[in-house]
2 protein chains.
Amino acid sequence: MAHILAVAEQSFAEAGFSGTTMERLAQAAGLPKANLHYYFGTKEQLYRGVLENILALWLDDMNAITPERPPAEALTAYIRAKLAHTRTRPHASKVFAAELLHGAPHLRRFLSFELRRRVIEKARVIRGWIDRGLMAPIDPIHLFFNIWAMTQTYADFEVQVRAVLGVNRLGDAEFAAAEKTITRLVLKGCGLHWQEGKP
Amino acid sequence: MAHILAVAEQSFAEAGFSGTTMERLAQAAGLPKANLHYYFGTKEQLYRGVLENILALWLDDMNAITPERPPAEALTAYIRAKLAHTRTRPHASKVFAAELLHGAPHLRRFLSFELRRRVIEKARVIRGWIDRGLMAPIDPIHLFFNIWAMTQTYADFEVQVRAVLGVNRLGDAEFAAAEKTITRLVLKGCGLHWQEGKP
DNA sequence: GTCTATATTCAGATAGAC
DNA sequence: GTCTATCTGAATATAGAC
């Protein structure tokens, strides 16, 4: 079952919902397609299963943001965590991205409630830092939008990154450069100290 | 014909390639579906027509980056141009994003040649600024990846932005906040002067 | 050039044997 | 529970009248 979900995640990421056929999934999972229907009912329900598997990931990373930590440390850790997920779970990122692209018909509740609540909570932490004079007065919610955008682009639009860089795959060097660039933009953008050498 | 392409762009953006039916396009365009096939041949060829319409947009914005301009001014103008396209052509952005998400089978050449060449050319301009001590030594190519990510997220993942902000549509206020945040991150991140009030 | 009607293909779902 | 074979519906594409 977990195996089927993993195969489905990859296929939905690569081919989209309509582009993924139950036949293709069955072949990739190594069993007849009737079994998929036996386990999950409809293709729609299987897709929902894949999505739900992903949502927890998105909320978890934000744990790095806590009031006691110095902002530079917390933001650096957050960026690192997001980028690690981008690297280890690129298919999850792509499925989520495709769902958003098409208006998120399955994620309306998640976005408007769970995610919104969590962002507002963490934005309050950032406003606390600003009020204490620990960082520049940046809009915390837009800051989140932009950190998500920058980190996820290395999964979602990986093919563009590879083509422009002229490499066959994104390895340690590329992710190190990405992390350095994003961390620099965010820390300096927030008026925080950032130093070249610091990993 | 241009009308059909506009309708198709919107439908491909909202429903994806497989999710878009010729019947649906015909209805939206107000003519029988046989005509679509008469004009464009196959659905595939129609999709290629939509994509090609979009590519020029992407390359054009980079004209803002020229060696003579001060970096802060050029980067501010570039961000503004990208964000303006995000706002006026959200469907184009989404079609392009979906194509990248699914591995860009139709854009391989464009990405590896036209786009890559243009990015390398403009990266050289930025390195010139760095060498002249006009800005901090940031990786120019990753800088582009991240500017694209930040500006396009307001089209591609608009539904997420709206849900988290709790608004029904992205208007002047939201785009102003986006532009301010992105410009701040980029300029300060590049060690350039940025001032709150400056639009 | 434009449309109606239809052929063809293919994917999702299920019946029913084992 | 697992599989083969099949049904059903839908979407692309085209034939052929006007």
Side-chain angles (χ1 to χ4, degrees), chain A residues 1-54 91-92 94-99 101-108, chain B residues 1-54 91-92 94-99 101-108:
Chain A
M1 290 272 292
H3 175 237
I4 296 175
L5 284 171
V7 163
E9 181 178 289
Q10 174 158 4
S11 179
F12 285 131
E14 288 170 355
F17 179 80
S18 323
T20 293
T21 68
M22 296 299 272
E23 178 59 36
R24 173 186 166 146
L25 287 183
Q27 283 188 348
L31 36 86
K33 66 179 177 173
N35 292 30
L36 299 183
H37 283 104
Y38 178 76
Y39 290 134
F40 291 93
T42 69
K43 179 183 176 183
E44 172 83 16
Q45 286 172 293
L46 173 52
Y47 177 70
R48 296 190 75 95
V50 169
L51 262 188
E52 279 161 24
N53 238 351
I54 294 172
H91 301 312
K94 286 180 178 180
V95 172
F96 190 79
E99 173 69 14
L101 262 186
H102 299 138
H106 302 92
L107 291 181
R108 283 281 158 77
Chain B
M1 289 271 294
H3 175 237
I4 295 175
L5 283 171
V7 164
E9 181 176 290
Q10 173 156 6
S11 180
F12 285 131
E14 288 170 355
F17 180 81
S18 323
T20 293
T21 68
M22 296 299 272
E23 177 59 35
R24 174 186 165 147
L25 288 184
Q27 284 189 346
L31 37 85
K33 65 180 176 172
N35 291 31
L36 300 183
H37 285 290
Y38 178 76
Y39 290 134
F40 291 93
T42 70
K43 179 183 174 182
E44 172 83 16
Q45 286 171 294
L46 173 53
Y47 177 70
R48 298 188 74 95
V50 170
L51 262 187
E52 279 161 23
N53 237 351
I54 294 172
H91 302 312
K94 286 181 178 179
V95 173
F96 190 79
E99 174 69 14
L101 263 187
H102 300 138
H106 302 91
L107 292 181
R108 281 280 158 78

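Letters A, B, ... are given to chains in the order of the sequence lines, protein chains preceding strands, and every chain is numbered from 1. Every heavy atom of this structure was used, including side-chain atoms; hydrogens, water molecules and symmetry mates were not.
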Rounded to whole angstrom units, what separation is found between the CZ atom of B:F40 and the P atom of C:dT2?
-> 13 Å
Does B:E99 reach the main-chain N or O of B:H106 with its side chain, forming a donor-acceptor pair under 3.5 Å?
-> yes
NA contact type, A:S18, heavy-atom cut-off 4.0 Å: base, sugar-phosphate, or nothing?
-> nothing
Once each nucleotide of nucleotides 13-18 of chain D is scored for protein heavy atoms under 4.0 Å, what B/S/- sequence comes out, 5' to 3'?
-> BB----
Rounded distance (Å) that lies between atom C1' of C:dG12 and atom CZ of A:F17 = 10 Å
Report the distance from atom CD of A:E23 to atom P of D:dC3, rounded to the nearest whole Å.
-> 13 Å
What nucleotide, of C:dA11, D:dT12, D:dT2, holds the atom closest to the side chain of B:T21?
-> D:dT12
For A:R108, all residues meeting side chain to side chain donor-acceptor pair (under 3.5 Å), sequence neighbours excluded | none
Sorted by first residue and then second, give each salt bridge (Lys or Arg N to Asp or Glu O under 4.0 Å) pair with at least one member in residues 33-42 of chain B; sequence neighbours left out.
-> none
Using whole Å, report how far OH of B:Y47 lies from C1' of D:dT12.
-> 18 Å
Does the side chain to side chain contact (heavy atoms under 4.5 Å, CB included) test come out yes or no for A:F96 and A:L107, once each step is laid out?
-> CA-CA 9 Å; A:F96 190 79; A:L107 291 181; 3.6 Å; yes
Nearest-angstrom distance from the residue atom CG of A:L31 to P of D:dT4 | 11 Å
Do any side-chain nitrogens or oxygens of A:Y39 fall under 4.0 Å of OP1 or OP2 in D:dT2?
-> yes
Do A:H91 and A:E14 come within less than 4.5 Å of each other through their side chains, counting heavy atoms only?
-> yes
Does a nitrogen or oxygen in the side chain of A:N35 sit under 4.0 Å from OP1 or OP2 of D:dC3?
-> yes
Can you tell me the distance, in whole Å, between the CE atom of A:M1 and the C1' atom of D:dT2?
-> 15 Å
Is the closest side-chain heavy-atom distance between B:L5 and B:F40 below 4.5 Å?
-> yes
